[in-house]
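To start, the structure under review is shown below, and the notes come after it.
Within every chain, numbering begins at 1; the chains are lettered A, B, ... in the order of the sequence lines, protein sequences first and strands thereafter.
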Amino acid sequence: MRWSETFIPTLKEDPSEAEVVSHRLMLRAGLIRKLFSGAYTYLPLGRRALLKVIDIVRTEMDRAGALEIIMPTLHPSELWHKTGRYEDFGDVLMKLKDRHGREFVLGPTHEEVLTDLAATEISSYRQLPVTFYQIQTKMRDEPRPRFGILRTCEFIMKDAYSLDADVDSLDNSYNAMYNAYCRIFARAGLPYVPVEADTGPMGGSASHEFMVPCDAGEDQLVTCDTCGYGANLEKGEPRVLAQAGPASATPEEVATPGMSTIEQVSRFLNRKPCELLKTLIFVAGGKPIAVIVRGDHDVNELKLASALKCELELADPETIQEVTGAPVGFAGPVGLKIPIYADHDVASVNDCIVGANKADTHIVGVNHGRDFEVTEWIGARYAVEGDGCPRCAGTLRLRPGIEIGHVFKLGTKYSEAMGATYLDEHGHARTIVMGCYGIGINRIIASAIECSHDEDGIIWPITIAPYEIEILALNSNDEDVMQAAEELYGKLGGSFDVLLDARKASPGGKFKDADLVGIPVQVIVGRRGLKNGEVELRVRGRGERRSVPVEQAADAAAGQVQALREEINQRVEQAENSS
RNA sequence: CGGGGCGUAGCGCAGCUUGGCAGCGCGCCGGCUUUGGGAGCCGGAGGCCGCCGGUUCGAGUCCGGCCGCCCCGACCA
């Protein structure tokens, strides 16, 4: 493609509306334009990158044996009422009515539609297992679209759904998708990390998220560099700390006027936050309970809920006053008449400071077992930077990441709700066991840019770059330059995706645009080099520049592309071996 | 939905405090020159100053309401 014949509206300055790197660069490099907050037009260059990603995803899905279909975007609301997700999704569901007043939702995901298909079409165990997938635009009324294309109301998703006869078979289907995901993200050149995740409103028994660590990420993940353990922050299990020695102090009340937070009390008493215990009152299953974590730790409500196996919420100030006899900020375990759940690491400190259940008062020198009894010890806190890895002797790191893929073992949640059953070999009706698997196509592009750019612009992985080679014809008024560039374009164009910049513009502008747009292999044809019968070859984002004779330029550029592809292939192999 | 910031030419911004001709840079159009890191000169086009209302002889500027955009939080398959 010739630059002059396509549409690449680059911007010299950063658009004021863009803050995160990928958003800024995608606007500046002419990949996207905004229609409104949460919806973007993909211009030719952006569309090409999307198609490259889609091609990788499709190839790997097919390779894993999944069958591509296309489901409607418009779903009858009744389908969503059947599974109860009409309420669960709430305002995120886009709703509309047709001329007859029938209500529809715009599909934010397709479990309902696929399960409906399975219910009518799958009747025998002979048809199982089978996995369907589609690549299609999803609609979600996001409370807050942001970060350019990282969170939008409309986005392209690859969603796959496996149908299996039993749980063992689901494990196979799940693993096949998991492995395909590793290959996909490796091929896209992303430094992805699979982490254990919570199943959330999707339901089901197991789930992994595929994350790309980078600053623009909305999620928090904990990882261990030593053994490769990774988990969503909500799911991360810090190693339990060593127990503290025996008590040495005796409890004593101290006045702490107006000091109701850990920070205030620790500063006031000149003690470290980890020497304090944080006591929170929750209402669990309708009854008040106390939860204790170390002062420097935070309660993970999700873990707490799963340990207690019931719904829970923080108690309101009235309840706290009633239960502890003190205003918010002075609760403590000593003398409490409700069940006390303590995080394992409460045992890592002795002679603690706790609230006295009395306004403006704390107690120092408190020890569990002597001054109060713990009803049950549980894992109730979030991991923090520096915690021990639960799997090895390593240390956990905490960092933000972008979720680019998510796989779930759904079990029978949807098939049961919608009556998707099959007859087994004995003629007994059984419920289909399902899994679902999503990839955010647009996010792959955004995270690739987040992870691979410099101050000049994008540095594309060769596999998802809109073009593999850009030829810069520096001097558009020089016949020799134009002829040499055209010849190269002709030679390479047949086998590679080549962009030829032969615009009537200054050399400086072409260099700047080329770096901004970030095509991996640059072939620079200029009067200066041509005098010596040479052109220059560069790889975007690397220091490498070399001059090659004009007649060898095509082969050299081709070789460079092959070398870059080979680097990616090696990463795919590694991904395969480690998954 | 709560907090903060912003809205003036396609893009980036000034002008608003103290009401009185709508500005600058980039980009765009025409011409000449120029060509290895965002070229120069000359000429030109382009505006509902987010919208509605109020105050005023007069509002981009002051007041009220609304809308939109960005960030933080809540939420998030």
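For the residue pair A/Tyr437/A/Ser162, the side-chain donor-acceptor check at 3.5 Å is satisfied. In this structure, a donor-acceptor pair under 3.5 Å is present between the side chains of A/Asp316 and A/Thr319. Side-chain contact of A/Glu111 with A/Tyr414: a donor-acceptor pair under 3.5 Å is absent, judged by distance alone.
Comparing the same atom, C1', in B/G65 and in B/U55 gives a spacing of 15 Å after rounding to whole Å. With P as the reference atom, B/C21 and B/C28 are 32 Å apart, rounded to whole Å. Rounded to the nearest Å, the gap between the C1' atom of B/C63 and that of B/G19 is 13 Å. The same atom, P, is picked in B/C62 and in B/A14; the two are 15 Å apart, to the nearest Å. Taking the P atoms as reference points, B/U8 lies 13 Å from B/U61, given to the whole Å. Comparing B/G60 with B/U17, their P atoms are spaced 12 Å from each other, to the whole Å. Annotation: B/C29 and B/G46 have their P atoms spaced 15 Å apart (nearest Å). When the C1' atom is used for both B/G50 and B/G58, the distance is 22 Å, rounded to whole Å.
Partners of A/Asp215 under the salt bridge (Lys or Arg N to Asp or Glu O under 4.0 Å) rule, at least two apart in sequence or in another chain, do not exist in this structure. In terms of the salt bridge (Lys or Arg N to Asp or Glu O under 4.0 Å) criterion, residue partners of A/Glu486 (sequence neighbours excluded) are, by chain and number, A/Arg2.
Between A/Ser37 and B/C70, a side-chain N or O to OP1/OP2 separation shorter than 4.0 Å is present. Under 4.0 angstrom from either OP1 or OP2 of B/C70 there lies no side-chain N or O belonging to A/Ser16. Close to B/G38, at under 4.0 Å from its OP1 or OP2, lies no side-chain N or O of A/Ser506.
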Please list, one pair per line, the donor and acceptor atoms closer than 3.5 Å that link side chains of residues 521-531 of chain A to other protein atoms, with sequence neighbours excluded.
unit_1, atom_1, unit_2, atom_2, d
A/Gln522, NE2, A/Asp515, OD1, 3.0
A/Arg527, NE, A/Asp478, OD2, 2.7
A/Arg527, NH2, A/Asn477, OD1, 3.3

Polar atoms only, N or O, under 3.5 Å: list the protein pairs with nucleotides 71-75 of chain B and their distances.
unit_1, atom_1, unit_2, atom_2, d
B/C71, OP1, A/Phe147, N, 3.4
B/C72, OP2, A/Arg144, NH2, 2.6
B/G73, N7, A/Arg144, NH1, 3.2
B/C75, N4, A/Arg146, NH2, 3.2

Atom pairs under 3.5 Å, N or O on each side, protein against nucleotides 24-27 of chain B: can you list them with distances?
unit_1, atom_1, unit_2, atom_2, d
B/G25, N2, A/Glu13, OE1, 3.3
B/C26, O3', A/Lys12, NZ, 3.4

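Here B/C76 presents its P atom at 12 Å from CG of A/Asp91, a figure rounded to the nearest Å. In this structure, A/Asn232 places its CG atom 13 Å from P of B/C76, rounding to the nearest Å. With rounding to whole Å, A/Phe155 atom CZ is found 15 Å from B/C76 atom P. Between A/Glu403 atom CD and B/C76 atom P the separation is 13 Å, expressed in whole Å. We find that CG of A/Leu35 is positioned 10 Å from P of B/C69, with the value rounded to whole Å. Taking atom CG on A/Leu233 and atom P on B/C76, their separation rounds to 15 Å, with Å as the unit. In this structure, A/Lys504 atom NZ and B/U33 atom P are separated by 14 Å, rounded to whole Å. For the pair A/Glu301 CD and B/C76 P, the computed distance is 12 Å after rounding to whole Å.
Although no hydrogens or angles enter the test, the distance criterion places no donor-acceptor pair under 3.5 Å between the side chain of A/Asn232 and the main chain of A/Leu221. In this structure, the side chain of A/Asp171 does not engage the main chain of A/Tyr174 through any donor-acceptor pair within 3.5 Å. Judged by distance alone, the side chain of A/Arg545 and the main-chain N or O of A/Glu536 form no donor-acceptor pair under 3.5 Å.
Side chain A/Arg545 to base B/G36: no donor-acceptor pair is found below 3.5 Å. Scanning atom types as modelled, one donor and one acceptor separated by under 3.5 angstrom connect the side chain of A/Asp513 and the base of B/G38.
Within 6.0 Å of CD1 in A/Ile70 there are 12 or fewer heavy atoms belonging to other residues, nucleotides or ligands. When the shell of 6.0 Å around CD of A/Glu78 is examined, it contains more than 12 heavy atoms from other residues, nucleotides or ligands. Within a 6.0 Å radius of CD in A/Glu544, other residues, nucleotides and ligands contribute more than 12 heavy atoms.
Within 4.0 Å of A/Asp515, counting heavy atoms only, lies at least one base atom of the nucleic acid. Using a 4.0 Å heavy-atom criterion, one finds that A/Lys138 contacts no nucleic acid atom at all. When heavy atoms are screened at a 4.0 angstrom cut-off, A/Arg24 is found touching no nucleic acid atom at all. Among the heavy atoms of the strands, none lies under 4.0 Å from A/Ala18. Using a 4.0 Å heavy-atom distance criterion, A/Gly529 is classed as a base contact.
Ring orientation note: the planes of A/Tyr192 and A/Phe185 are tilted relative to one another, at an angle of 30° to 60°.
Geometrically, A/Lys95 engages A/Tyr86 in a cation-pi contact, judged by NZ or CZ lying under 6.0 Å from the ring centre and within 45° of the ring axis. Taking the centre and axis of the six-membered ring of A/Tyr40, the NZ or CZ atom of A/Arg33 falls outside the cone set by 45° and 6.0 Å.
In terms of position on RNA chain B, the residue among A/Glu536 and A/His406 whose nearest nucleotide sits closer to the 5' end is A/Glu536. Between A/Met157 and A/Leu474, the residue anchored nearer the 5' end of RNA chain B, judged by the nucleotide with its closest heavy atom, is A/Leu474.
With both pairing distances under 3.5 Å, B/G27 is matched to nothing as a Watson-Crick or G-U wobble pair. Remark: B/U56 base-pairs with no nucleotide in the shown strands. Criterion, Watson-Crick or G-U wobble with two distances under 3.5 Å. The pairing partner recorded for B/U34 is none, the criterion being a Watson-Crick or G-U wobble arrangement whose two distances lie under 3.5 angstrom. Pair check for B/G47 finds none; no Watson-Crick or G-U wobble contact set falls under 3.5 Å. Within the shown strands, nothing qualifies as a pairing partner of B/U61 under the Watson-Crick or G-U definition with both distances less than 3.5 Å.
Residues from residues 68-83 of chain A that place a heavy atom under 4.0 Å from any atom of RNA chain B: there are none.
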